[in-house]
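The analysis underlying the following values was restricted to heavy atoms, covering all of them including side chains, and did not include hydrogens, waters or symmetry mates. Lettering of chains follows the sequences in order, A, B, ..., and the numbering in each one begins at 1.
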Protein chains: 2
Amino acid sequence: MSDVRWLSAEEQQVWRAFMTAVTKFTEHLDRQLQRDSGMPMAYYEILVALSEAPERALRMSELASVCHSSRSRLSHAVARLEKEGWVVRQACPSDRRGSIAVLTETGFRVLEQAAAGHVTAVREHLFDVLTPDQLRSLAEISRAVDAGLTVQCAKVRREEFADL
Amino acid sequence: MSDVRWLSAEEQQVWRAFMTAVTKFTEHLDRQLQRDSGMPMAYYEILVALSEAPERALRMSELASVCHSSRSRLSHAVARLEKEGWVVRQACPSDRRGSIAVLTETGFRVLEQAAAGHVTAVREHLFDVLTPDQLRSLAEISRAVDAGLTVQCAKVRREEFADL
DNA sequence: CGGCCGTTGTTGAACCTTCAACCAGGATGC
DNA sequence: GCATCCTGGTTGAAGGTTCAACAACGGCCG
């Protein structure tokens, strides 16, 4: 257990700088959306996903995977979005278990409004403060981290299988 | 209002890759800590901050600023940590409004345990998947984003003053 | 001193997320 | 057909965060 590879002083610096930036950044975006459009970022992303889908509709499970959200979370979220009148749920014709979330016209207009402020904030605090080189790096880094997590999760799933 | 500088296709790709990576990464860390040590990452960071402070003690307001946390959040969090016996609150001798959070011996040991798994996860999914060059980039990028947010917040505060 | 304002910290309500439990419907094997 | 298992989706409770309101204290200036 004591064979932990602790972080060096420089590594700690990088790590903390990273976490600070990410925390402040996402907090800023979240607050902006909440203040200007009355929804947290997770809900905004649900609306975006729906708006880009054919017919502006997606099955709950697909929507969950597109949004990197758990089924449960999505269920609660869509319930709220439905109460606002931004989304409606329809029965799925091909699978009677299924539920299809559809973006309403009202929801689409709300999304358009929200997008303006959100994109502006993203540009202002991410794209405007980075050089083109840094942006390319960020893309690479993001893909590497994502890939690392995906591999790891596959490995964990294999181990779970091994347990049974 | 329509003078929004929307994102180009490439910019959108970078933006989504970034958000996906960050979301998955923080979610992974949070889940790891919750599972193995029974605390969310925000609470872990409170314990870390206390452990590094002289006497392992900090005033609530300082603790809040070190952890980038609101007073309210910290108050709730410390209440929970106190219930676990990991932290105790003492009156501040120099300022009778003040409250001082102190890490207990139990809390310190819990933190040591938690740190092993946490640092391992961070190394595995961040440091191990990035090249030294990418790490240097990431540090720069983080600092740039952080700086951009800090400037912006200062500007907002000035505008609030202007309103009055 | 006494009034006023800013700071410190807590509280409760509302909201969001997580987790475990659950129901209903498909899919598979006998 | 039916027993079994897996999948899709919802629900309620527990825990975390946010926001607004508040109480208590310090600091400042008349």
Side-chain angles (χ1 to χ4, degrees), chain A residues 23-24 26-46 58-84 87-102 157 160-161 164, chain B residues 23-24 26-46 58-84 87-102 157 160-161 164:
Chain A
T23 305
K24 285 200 201 170
T26 55
E27 203 162 298
H28 181 80
L29 292 186
D30 229 330
R31 208 177 288 278
Q32 183 274 326
L33 262 178
Q34 187 72 51
R35 178 167 38 80
D36 297 348
S37 310
M39 68 181 106
M41 212 165 126
Y43 289 26
Y44 173 82
E45 282 173 2
I46 293 173
L58 277 177
R59 273 195 65 166
M60 294 296 280
S61 55
E62 293 179 46
L63 188 50
S65 91
V66 171
C67 294
H68 313 111
S69 167
S70 71
R71 285 194 230 292
S72 171
R73 172 153 115 192
L74 188 64
S75 211
H76 286 293
V78 169
R80 206 268 231 177
L81 293 175
E82 200 167 19
K83 210 181 304 178
E84 306 271 3
V87 164
V88 291
R89 269 185 280 209
Q90 293 178 355
C92 176
S94 62
D95 182 341
R96 272 193 292 175
R97 293 169 299 182
S99 192
I100 299 183
V102 186
R157 263 196 295 277
E160 278 168 2
F161 269 117
L164 308 180
Chain B
T23 304
K24 284 200 201 171
T26 56
E27 202 162 297
H28 180 81
L29 292 185
D30 228 329
R31 207 177 289 277
Q32 183 276 325
L33 262 178
Q34 187 72 51
R35 177 168 39 82
D36 297 348
S37 308
M39 68 182 107
M41 213 165 125
Y43 289 25
Y44 173 82
E45 281 172 5
I46 293 173
L58 276 177
R59 273 195 65 167
M60 293 296 280
S61 55
E62 295 180 46
L63 188 50
S65 91
V66 171
C67 295
H68 313 109
S69 167
S70 71
R71 285 194 227 292
S72 171
R73 173 153 111 190
L74 187 65
S75 212
H76 287 293
V78 169
R80 205 268 231 178
L81 294 175
E82 200 168 20
K83 212 182 301 180
E84 306 271 4
V87 164
V88 291
R89 270 185 279 208
Q90 293 178 356
C92 177
S94 62
D95 183 341
R96 272 193 293 174
R97 292 170 299 182
S99 192
I100 298 182
V102 187
R157 264 196 295 277
E160 279 168 2
F161 268 116
L164 312 180

Quickly work out the [X] [atom1] to [N] [atom2] distance and round it to whole Å.
X	N	atom1	atom2	value
A:Glu45	C:dC16	CD	C1'	15 Å
B:Met60	D:dA24	CE	C1'	16 Å
B:Met41	C:dT18	CE	P	14 Å
A:Leu63	D:dT10	CG	P	11 Å
A:Leu74	C:dC16	CG	P	14 Å
A:Ile100	D:dG8	CD1	P	14 Å
B:Leu33	C:dC19	CG	P	13 Å
B:Glu62	C:dT8	CD	C1'	12 Å

* Asked: Just by distance, do the side chain of A:Thr26 and the backbone of A:Thr23 share a donor-acceptor pair under 3.5 Å?
  -> yes
* **Side-chain N,O (B:Ser99) to OP1/OP2 (C:dT10) below 4.0 Å** => yes
* OP1, OP2 of D:dG9 versus side-chain N and O of A:Arg59: anything below 4.0 Å? -> yes
I need the [X] [atom1] to [Y] [atom2] distance, nearest 0.5 Å.
X	Y	atom1	atom2	value
A:Asp36	A:Arg31	CG	CZ	12.5 Å
B:Arg59	B:Ser65	CZ	OG	12.0 Å
A:Ser70	A:His68	OG	NE2	13.0 Å
A:Leu29	A:Lys24	CG	NZ	14.0 Å
B:Arg80	B:Glu84	CZ	CD	4.5 Å
B:Ile46	B:Leu81	CD1	CG	5.5 Å

* Structure fact -> Within residues 91-98 of chain B, the residues having a heavy atom closer than 4.0 Å to DNA chain D are B:Asp95, B:Arg96, B:Arg97
* Could you tell me whether B:Ser75 contacts a base, only the sugar-phosphate backbone, or nothing, with contacts defined as non-hydrogen atoms closer than 4.0 Å? => base
* Heavy atoms under 4.0 Å, any strand shown: does A:Arg89 hit a base, just sugar-phosphate, or nothing? -> sugar-phosphate
* Structure fact -> Residue pairs passing the side-chain hydrogen bond (donor to acceptor under 3.5 Å, both in side chains) test with at least one member in residues 88-100 of chain B, sequence neighbours excluded, are B:Glu82-B:Arg89, B:Asp95-B:Arg97
* Side chains of A:Ile100 and A:Pro93 in contact at under 4.5 Å (non-hydrogen atoms) -> yes
* Asked: For nucleotides 12-21 of chain D, read 5' to 3', which letter fits each nucleotide if B means a protein heavy atom sits under 4.0 Å from the base, S means only the sugar-phosphate is that close, and - means neither?
  -> B---SSBB--
